[in-house]
Protein chains: 2
Amino acid sequence: MRRTRQVTILSVAAAAGVSKSTVSRVMNETPNVDPQIVTRVRDAAARLGYRPSGTAQNLSRGRTGIVGVLVPDLANPLFATILKGISAEAEQDGYRTLVADANEQPGEELRHLNELARQSDGLILCGPRMSTPELAGLAELDVPIVLVNRKPDRNLFPSVTVDSQEAVMDLCRHLDGFGHTSLCYLGGPSHAAAEADRWSALQSSIRSRTKLYRVPAGAMLDDGHAAAEAALATGATCLIGFNDLVALGAVARLQELGIAVPGQISVAGFDDIVYARFTLPGLTTVAMPQTEFGQEAWRLLSPYLHSRKTRRTRTLSAHLVIRGSTGPRRN
Amino acid sequence: MRRTRQVTILSVAAAAGVSKSTVSRVMNETPNVDPQIVTRVRDAAARLGYRPSGTAQNLSRGRTGIVGVLVPDLANPLFATILKGISAEAEQDGYRTLVADANEQPGEELRHLNELARQSDGLILCGPRMSTPELAGLAELDVPIVLVNRKPDRNLFPSVTVDSQEAVMDLCRHLDGFGHTSLCYLGGPSHAAAEADRWSALQSSIRSRTKLYRVPAGAMLDDGHAAAEAALATGATCLIGFNDLVALGAVARLQELGIAVPGQISVAGFDDIVYARFTLPGLTTVAMPQTEFGQEAWRLLSPYLHSRKTRRTRTLSAHLVIRGSTGPRRN
DNA sequence: TCATCGTGAGGAACCGGTTCCACACCCGAG
DNA sequence: CTCGGGTGTGGAACCGGTTCCTCACGATGA
């Protein structure tokens, strides 16, 4: 279907009695145009209701002004917040964000990215769940790419990551102070970089007398809900979710089972999504620098859009937020 | 900057020893192409790493395959969920979503829309906060538009709205049963259609003996937080937030003030965002059909993208969800 | 054997802008 | 009076595809 746009630059040119080059110059506020002609063209454009075709501009300018953002799950407030951060920054530079939501299905990611790449000047991948070779293959897309919360293979892409080690040690110290000597980690998606990070940070942070279990869960509310009982079965007195959603899902299950938090069992998470403080008890969690993630991602990508020079990595740091969901070991 | 794409359709044509028309036919799987040539072109394309320019395709096809979505605030899980609903549906028809977040600033909306319209085949406006004349002016954008949760002026655009009347009456009955005879509504953004709807539904649903106050708040967590004290000052025994975020914000403030919910004061909201059940007490709320909003929006928009015929309105219905934040009047 | 038809490929127009280049014009300086 | 340079405009190429139109060719039926 060839949708015929009624009013193109040619219509305006004709109406104003000038060439289309001149109309283009007027619309782009190029200097050295006769003021009389400027007003004549402006008038004609307004009268006809002319609005330049973004698509045509994209083609001739060789850029779209769009940055594609891939997120694992938009329902996760973490990513919604990161996305807001990106949009806010990008917008100041005249870019908009094209969002693809992979719904926590790693297979979806590549499909989305292939599409995104064809419409955008650059890509930001938030916590991609794809495998390392797949990630490396993205270099072929021939588009600037920045990773958020995932270390790039062989430093292939600029990335903004977080160092949770310190905060996790704080968490372990906090739990140890409450007398917890057996913890159960509710594991996230296997290819998520955060998963490996968090798990290894936990392993290296616990005291030798502490037992650390791991039960596979996932990244969404339901995953935590489903994994809670398996975690209970380990006998651990504290559950640590891969992220806050998993932790909240587990809390919900515990409450259904009539188990008090933190009375009978403590729970902690990762991310510090906005709603972690509204749960009662509030959720103890390792807070990610969410808005900064977005800001920094843009700052890495933005120069990269104009020249291919930049290729840096930025590491932010997490911090522990203690709320009511963790307490003294009871049994 | 004229970014020279290394490999265009011409490169492939040359490499395969055919014309660019033929390459185009092969890439689009047009019938009636010699199988030998097909493989020759395929090979050449693969060897050169050819990927068609989406921008060029957009221009010559006369469509972008992008639908623009405007949301007041992406941090509001309501809109994140609606957006997921839209994306999921649109994707099946080969469309992607370009998101603009107005950050609850009505002035931003028009600016965003002007930009969005130039890149997309259609627009979905979620709970736009702009004024009625502004909304009507959008017809000039000359792009199919569908409204979510806002009734269109003079039936100008197809829309999917919700009828909360019934559910609000349920809420009022519920509160009346608990002996609450003075309620305070924490009002939302003045131009939000939901604001007018909810306020008038409340007014028409309360019993004659019940007093109904209104304190201006907003649509975000902080707004509820800030408005809580003013609401308390009315002497009402139950607060009803414009949405769940406002309600949650108010709850947080009440807790800071050492006021028990629902012990000393009850709180209810609108929307039923995912996290409303994880707060403790869980939030009593008038639930919106969130995923359906997205689905229906796409179903209204989709036929409208091809022909200009459709122009319908779809009304969904809300329902009351009772949780722990409402209880018997105490004082 | 010749007219006809279907198949498959190339050429060119087109989508709607941006921008390079050439040129006409006017001014002031030599 | 002529030459040089700056200013303002139109024409044409270009961005990278899609698609219409034309035509050559081989097979088929009369």
Side-chain angles (χ1 to χ4, degrees), chain A residues 1-41 44-45 48-66 115 117-121 142-143, chain B residues 1-42 44-45 48-65 115 117-121 142-143:
Chain A
M1 175 213 67
R2 195 173 280 275
R3 173 148 62 108
T4 324
R5 284 185 54 86
Q6 320 71 330
V7 41
T8 74
I9 199 172
L10 276 178
S11 335
V12 180
V18 297
S19 74
K20 59 181 203 162
S21 329
T22 301
V23 176
S24 175
R25 285 190 275 262
V26 171
M27 301 309 288
N28 293 299
E29 300 180 358
T30 304
N32 298 341
V33 182
D34 185 331
Q36 287 199 1
I37 292 199
V38 170
T39 55
R40 214 164 68 205
V41 170
L48 299 178
Y50 169 64
R51 44 188 66 248
S53 147
T55 307
Q57 291 180 319
N58 289 346
L59 181 59
S60 64
R61 288 179 179 156
R63 42 154 273 170
T64 63
I66 290 183
E115 277 302 311
R118 299 173 354 92
Q119 307 262 11
S120 39
D121 298 338
D142 196 36
V143 161
Chain B
M1 175 212 63
R2 195 173 280 275
R3 172 148 63 108
T4 325
R5 283 186 54 86
Q6 321 70 331
V7 42
T8 74
I9 198 172
L10 276 179
S11 334
V12 180
V18 298
S19 73
K20 59 181 204 163
S21 329
T22 301
V23 176
S24 174
R25 289 189 199 105
V26 171
M27 301 308 289
N28 294 299
E29 300 179 359
T30 303
N32 297 342
V33 182
D34 184 332
Q36 288 200 359
I37 293 199
V38 170
T39 55
R40 214 164 68 202
V41 170
R42 285 258 160 73
L48 299 179
Y50 169 63
R51 45 187 64 248
S53 149
T55 308
Q57 291 180 320
N58 289 345
L59 181 59
S60 64
R61 288 180 179 156
R63 42 153 273 171
T64 63
E115 278 302 311
R118 301 176 350 96
Q119 307 263 10
S120 38
D121 298 338
D142 196 35
V143 161

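Letters go in sequence order (proteins before strands), and every chain restarts at 1. Side chains included, hydrogens not; waters and symmetry mates left out as well; all remaining heavy atoms used.
Here the rule is side chain to side chain contact (heavy atoms under 4.5 Å, CB included) with A/V26, and of A/D34, A/V38, A/T39 only A/V38 fits it.
In this structure, the separation between CG on B/L59 and OG1 on A/T55 is 6.5 Å, given to the nearest 0.5 Å.
Taking atom CG on A/D34 and atom C1' on D/dT7, their separation rounds to 10 Å, with Å as the unit. The CG atom of A/N32 sits 14 Å away from the C1' atom of D/dG5 (whole-angstrom rounding). Following rounding to the nearest Å, B/R51 (CZ) and D/dG16 (C1') show an atom-to-atom distance of 15 Å. One atom, CG of A/N58, and another, P of D/dG16, lie 13 Å apart when rounded to the nearest Å. One can place CZ of B/R25 at 13 Å from P of D/dC21, the figure rounded to the nearest angstrom. Rounded to an integer number of Å, the gap from CG of B/L59 to P of D/dC14 is 17 Å. As rounded to whole Å, 18 Å separates atom C1' of D/dG16 from atom CZ of A/R63. Whole-Å rounding puts the B/E29 CD to D/dT18 P distance at 12 Å.
Nearest to the side-chain atoms of A/S60 among the listed nucleotides D/dG17, C/dG10, C/dG16 stands C/dG16. Residue A/I9 has its side chain nearest to C/dG17 when only C/dC15, C/dG17, C/dG10 are considered. Checked against D/dT9, C/dG17, C/dA9, the side chain of B/I37 finds its nearest nucleotide in C/dA9. Closest to the A/A56 side chain, of the nucleotides D/dC20, C/dG16, D/dT9, is C/dG16.
An OP1 or OP2 oxygen of C/dG11 is reached within less than 4.0 angstrom by no side-chain nitrogen or oxygen of B/S19. Distances shown here put every side-chain N or O of B/S21 at or beyond 4.0 Å from the OP1 or OP2 atom of C/dG10. OP1 and OP2 of D/dG16 both lie 4.0 Å or more from every side-chain N or O belonging to B/Q57.
In terms of modelled atom types and a separation under 3.5 Å, the side chain of B/N28 and the main chain of B/T30 share no donor-acceptor contact. In this structure a side-chain-to-backbone donor-acceptor pair under 3.5 Å is present from B/R118 to A/P52.
With hydrogens and angles ignored, no donor-acceptor pair closer than 3.5 Å exists between the side chain of B/K20 and the base of D/dG16.
Using a 4.0 Å heavy-atom criterion, one finds that B/T22 contacts the sugar-phosphate atoms exclusively. Using a 4.0 Å heavy-atom distance criterion, A/L10 is classed as making no nucleic acid contact. A/V18 comes within contact range of the sugar-phosphate backbone alone, with a heavy-atom separation under 4.0 Å but no base atom that close. Here A/N28 lies in heavy-atom contact (under 4.0 Å) with sugar-phosphate atoms only.
Residues B/N58 and B/T64 have side chains that never bring a donor and an acceptor to within less than 3.5 angstrom of each other.
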